[in-house]
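Following: one structure in structure tokens, then a few remarks.
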Amino acid sequence: MVTMNNNKIMALHQAIEEHQIKGFLARDEAEALYDLALASAPLGPCLEIGSYCGKSTVYLGTACRDRDTVLFAVDHHHGSEEHQPGEEYHDPELFDTSVEAINTFPSLRRTLALFSLQESVVPVVAPSQVVVKKWATPLGLVFIDGGHSHEQALTDCMSWADKIASGGLLLIHDIFPSPQDGGQGPYLALQAVVARGNFYWEQSINSLGVLRRR
Ligand code: SAH
Ligand code: MG
């Protein structure tokens, strides 16, 4: 995606590398997050499920700061299935031995401080399914990148889709139409949201699916 804020985006990419912010997000996807968050700001605040150490949070949060709105960053910070000890994406540096659990919240706070986002990002440290139950504010953009099992992706996409303002965006990460490329949970969840009728597929950027509410 060609962004109108090329210098700004390049500076963010550079700072992410310099500070070694851990995460799972490609550059083109990061740029799309920034641009789409800028564009959706007039419709309402942004919200993400799955902040991890704050990589996606930096791009969405900076756009929110630029538009004087906020990003709610939801994560229980105990990691997904694939981050647990013995699993493929386990990172021992993020394991808190005092409680025998993953804890990415300190890393997120470090990222927010490094990027001056404390006034623009509201961390919500809780499971997605708990937060959504009492959520009432219509959202301009929701980015789903939490648990990737079929069940969790479906629950997240279906429940948060209802909280999006008319004309707002539902972004779903790790969309792999072919099973050889990755898990099918997010892709099946995207299809289920579209099948309900009030969202349509607008574009994909790498593995980022973009749906818009009618
Ligand atoms: N967006 C991040 C990567 C997210 S990894 C990036 O840009 O790098 C997935 C994250 O989802 C993990 O931090 C995990 O703790 C969180 N997560 C998984 N299931 C969750 C749930 N049910 N509720 C809240 N967070 C969840
Ligand atoms: Mg992801």
Side-chain angles (χ1 to χ4, degrees), residues 12-13 15-17 19-34 36-37 46-63 71-85 87-91 93-96 99 101-112 114-115 117 121-135 141-160 163 170-176 181-187 189-190 204-210:
L12 286 182
H13 291 330
I16 287 271
E17 296 218 333
H19 297 302
Q20 301 185 7
I21 309 299
K22 298 171 192 267
F24 310 97
L25 191 70
R27 279 194 174 200
D28 52 353
E29 298 168 342
E31 289 166 17
L33 290 186
Y34 178 77
L36 295 171
C46 295
L47 181 142
E48 75 172 350
I49 301 299
S51 306
Y52 196 62
C53 302
K55 198 168 187 182
S56 50
T57 320
V58 162
Y59 295 92
L60 292 169
T62 301
L71 166 68
F72 295 93
V74 180
D75 197 314
H76 51 46
H77 288 287
H78 290 317
S80 302
E81 283 165 30
E82 66 273 19
H83 303 131
Q84 302 310 314
E87 300 299 325
E88 190 179 357
Y89 292 100
H90 178 64
D91 183 341
E93 287 180 2
L94 300 173
F95 195 75
D96 181 346
V99 287
I102 297 283
N103 181 10
T104 51
F105 190 40
S107 303
L108 175 70
R109 296 199 80 179
R110 169 183 176 267
T111 303
L112 297 183
L114 287 170
F115 287 82
L117 290 172
V121 176
V122 182
V124 182
V125 185
S128 166
Q129 54 276 25
V130 174
V131 183
V132 75
K133 266 196 256 175
K134 300 293 179 188
W135 194 269
L141 177 155
V142 171
F143 171 56
I144 305 277
D145 194 20
H148 286 36
S149 69
H150 184 200
E151 196 189 2
Q152 186 66 44
L154 189 66
T155 305
D156 280 345
C157 291
M158 292 299 226
S159 59
W160 284 104
K163 311 294 182 184
L170 176 62
L171 314 184
I172 310 173
H173 198 227
D174 302 301
I175 299 299
F176 300 115
D181 298 328
Q184 297 292 283
Y187 179 56
L190 180 151
S204 289
I205 298 99
N206 201 343
S207 82
L208 182 71
V210 180

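Order of listing sets the numbers, starting from 1, for every ligand and every atom in it. Residues: numbered from 1 along the sequence shown.
- The protein heavy-atom contact nearest to atom 15 (O) of ligand 1 is Asp75 OD1, 2.7 Å.
- Nearest-heavy-atom check against atom 2 (C) of ligand 1 across Gly54, Gly50, Gly23 picks out Gly50.
- The distance criterion of under 3.5 Å between nitrogen or oxygen atoms is not met by Val74 with respect to ligand 1.
- Each of the following atoms of ligand 1 lies closer than 4.0 Å to a heavy atom of Ser128: 21 (C), 23 (N), 24 (C).
- Of the N or O atoms in Ser56, one or more lie within a sub-3.5 Å distance of an N or O in ligand 1.
- Under the 30°/60° scheme for interplanar angles, the aromatic rings of Phe24 and His83 are found to lie parallel.
- Each of the following atoms of ligand 1 lies closer than 4.0 Å to a heavy atom of Ala126: 24 (C).
- The closest donor-acceptor contact from the side chain of Glu151 to the backbone of Gly185 lies at 3.5 Å or more, if one exists at all.
- Proximity of the aromatic rings of His76 and Phe105 is defined here by a centroid distance below 6.0 angstrom, and this criterion is not met.
- Under the 4.5 Å side-chain criterion, counting only non-hydrogen atoms from C-beta, Leu117 is not in contact with Leu71.
- At the shortest separation from atom 8 (O) of ligand 1 among protein heavy atoms lies Phe24 N, 2.9 Å.
- The name of the N, O or S atom in His173 nearest to the Mg ion (ligand 2) is ND1.
- Residue His173 places no heavy atom under 4.0 Å from ligand 1.
- Between the side chain of Gln184 and the backbone N or O of Phe176, at least one donor-acceptor pair lies under 3.5 Å.
- Counting just the N/O/S atoms of Asp145, the one with the shortest distance to the Mg ion (ligand 2) is named OD1.
- Remark: distances from the non-hydrogen atoms of His148 to ligand 1 are all 4.0 Å or more.
- In this structure, the side chain of His148 engages the main chain of Gly146 through a donor-acceptor pair within 3.5 Å.
- The number of heavy-atom neighbours closer than 6.0 Å to OH of Tyr89, taken from other residues, nucleotides and ligands shown, is 12 or below.
- In terms of modelled atom types and a separation under 3.5 Å, the side chain of Gln84 and the main chain of Ser80 share a donor-acceptor contact.
- Annotation for ligand 1: atoms under 4.0 Å from non-hydrogen atoms of Gln152 are 22 (N).
- Residue Gly79 has at least one heavy-atom neighbour below 4.0 Å for each of these atoms of ligand 1: 14 (C), 15 (O).
- Where the criterion is an N or O separation shorter than 3.5 Å, residue side chain and backbone included, Gln129 meets it with respect to ligand 1.
- Looking at Gln129 and Ser159, their side chains never bring a donor and an acceptor atom within 3.5 Å of each other.
- For Glu29 and Lys55, the salt-bridge test fails: no basic side-chain N is under 4.0 Å from an acidic carboxylate O.
- Taking only nitrogen or oxygen atoms, main chain and side chain alike, Pro127 does not reach within less than 3.5 Å of ligand 1.
- The distance from ligand 1 to the heavy atoms of Gly147 drops below 4.0 Å at these ligand atoms: 18 (C), 19 (N).
- Considering only non-hydrogen protein atoms, atom 20 (C) of ligand 1 sits nearest to His76 NE2, 3.3 Å.
- Ser128 pairs in a side-chain hydrogen bond (donor to acceptor under 3.5 Å, both in side chains) with only one of the listed residues (Thr155, Asp156, Asp75), which is Asp156.
- Contact annotation: the side chain of Leu36 never approaches that of Phe143 to less than 4.5 Å [non-hydrogen atoms, C-beta and beyond].
- The shortest contact between atom 5 (S) of ligand 1 and any protein heavy atom is with His83 CE1, 3.7 Å.
- The minimum distance between the Mg ion (ligand 2) and any N, O or S atom of Asp174 involves atom OD2.
- Residue Asp145 places at least one N or O, backbone or side chain, under 3.5 Å from an N or O of ligand 1.
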